[in-house]
Amino acid sequence: MPETASILLIRHGQSTWNEAGRWQGRQDPPLTPFGVRQARAAAEVLGTFDLIAASNLDRAVTTAGVIADALGIGPVVTDADLAERGAGPWEGKTRVEIEDEYPGWLADGRRPDGYETDESLLARSTVALGRIAATVAGGTALVVSHGGVIHN
């Protein structure tokens, strides 16, 4: 029986689009200075890990890099399958802009063409986490990802 891995998932620090209230999806805005401070604060309370992995999006890679540097662990392994859900035409828009263009859709749970389904997000992120678990069998990994991946 394979050894069990422990994986801790955390969300990236605040990005410029988080600060502006914009849906990011697969877009790649950088961290704000506050987001970098969040990553440093996380490193102060986290233990040690055998591996640090991140989505390939800059906000996750930067967060993971700050943590890895503080903990003396690296290099950070990136995996595109840990990326945030694609939000199609909603990427870059605020909730107000989405509501103006798609009245009632958010409240009804409707999503536009190009918005990644829960099933697709779960399938790809599960495969990525399986790869990480196999790499650190019996050990621990920190994964820096996104709200959609973590909540799904």
Side-chain angles (χ1 to χ4, degrees), residues 1-98 106 111-112 114-152:
M1 185 165 160
E3 293 186 71
T4 302
S6 295
I7 300 175
L8 174 64
L9 281 90
I10 65 170
R11 185 177 174 268
H12 60 81
Q14 181 191 62
S15 75
T16 56
W17 280 16
N18 290 138
E19 184 178 46
R22 298 200 174 280
W23 285 43
Q24 298 171 105
R26 295 285 180 91
Q27 299 303 307
D28 213 8
L31 291 184
T32 62
F34 179 68
V36 173
R37 289 193 304 276
Q38 288 176 314
R40 286 188 190 124
E44 291 178 10
V45 298
L46 292 169
T48 187
F49 300 91
D50 299 302
L51 174 77
I52 297 180
S55 141
N56 64 328
L57 296 176
D58 182 69
R59 56 194 184 269
V61 172
T62 300
T63 300
V66 168
I67 294 168
D69 287 348
L71 298 178
I73 302 168
V76 171
V77 174
T78 60
D79 192 322
D81 286 336
L82 295 169
E84 180 61 283
R85 167 196 319 268
W90 290 1
E91 291 182 2
K93 298 185 184 305
T94 64
R95 290 185 76 82
V96 170
E97 291 168 339
I98 292 168
L106 289 169
R111 299 297 183 255
Y115 191 96
E116 186 175 12
T117 65
D118 287 347
E119 295 78 17
S120 173
L121 176 62
L122 182 61
R124 70 176 166 78
S125 59
T126 299
V127 168
L129 293 171
R131 285 192 296 264
I132 292 165
T135 300
V136 297
T140 60
L142 174 68
V143 173
V144 181
S145 192
H146 307 273
V149 171
I150 294 168
H151 291 119
N152 212 355

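In this chain, residues are counted from 1 in sequence order.
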Before giving the answer on side chain to side chain contact (heavy atoms under 4.5 Å, CB included), spell out for H12 and L57 the whole-Å C-alpha distance, their side-chain angles and the decisive distance to 0.1 Å. CA-CA 10 Å; H12 60 81; L57 296 176; over 6 Å; no
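- Separating the CG atom in D81 from the OG1 atom in T126 is a distance of 10.0 Å, to the nearest 0.5 Å.
- Atom CZ of R95 has 12 or fewer heavy atoms from other residues, nucleotides or ligands within 6.0 Å.
- In this structure, CZ on R124 lies 10.0 Å from CG on L122, to the nearest 0.5 angstrom.
- Nearest heavy-atom pair across H146 and A83 is CD2-C, 3.7 Å.
- Scanning all heavy atoms of the two residues, the minimum distance from A54 to V76 falls at CB-CG1, 4.0 Å.
- With hydrogens and angles disregarded, a donor-acceptor distance shorter than 3.5 Å links the side chain of D50 to the backbone of T140.
- Atoms CZ and CG, on F49 and L142 in that order, are 4.5 Å from each other to the nearest 0.5 Å.
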Side chain to side chain contact (heavy atoms under 4.5 Å, CB included) evaluation trace for L71 with E44: CA-CA 8 Å; L71 298 178; E44 291 178 10; over 6 Å; no
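- Of the candidates Q27, R59, E116, R59 is the only one forming a side chain to side chain contact (heavy atoms under 4.5 Å, CB included) with E84.
- Judged by distance alone, the side chain of T63 and the main-chain N or O of G13 form a donor-acceptor pair under 3.5 Å.
- Put simply, OG on S55 and CZ on R11 are 12.0 Å apart, with the number rounded to the nearest 0.5 Å.
- When all heavy atoms are compared, the tightest approach of V149 to L121 is CG2-CD1, 3.8 Å.
- No side-chain heavy atom of V77 sits under 4.5 Å from any side-chain heavy atom of R131.
- Side-chain N or O atoms of N152 include one that pairs as donor or acceptor with a backbone N or O of D118 at under 3.5 Å.
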Evaluate L8 against L46 for side chain to side chain contact (heavy atoms under 4.5 Å, CB included), listing each step before the verdict. CA-CA 10 Å; L8 174 64; L46 292 169; 3.6 Å; yes
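- Formation of a donor-acceptor pair under 3.5 Å by the Q38 side chain with backbone atoms of Q14 is found in this model.
- Under the 3.5 Å distance criterion, the side-chain polar atoms of S145 are matched with a main-chain donor or acceptor of L82.
- Proximity of a side-chain donor or acceptor of D28 to a complementary backbone N or O of D58 within less than 3.5 Å is detected.
- In plain terms, the two heavy atoms of I52 and I67 that are nearest each other are CD1-CG2, 4.2 Å.
- Closest non-hydrogen pair, A128 versus D79, comes out as CB-OD2, 3.7 Å.
- Nearest heavy atom pair, residue W90 against residue I98, reads CE2-CG2, 3.5 Å.
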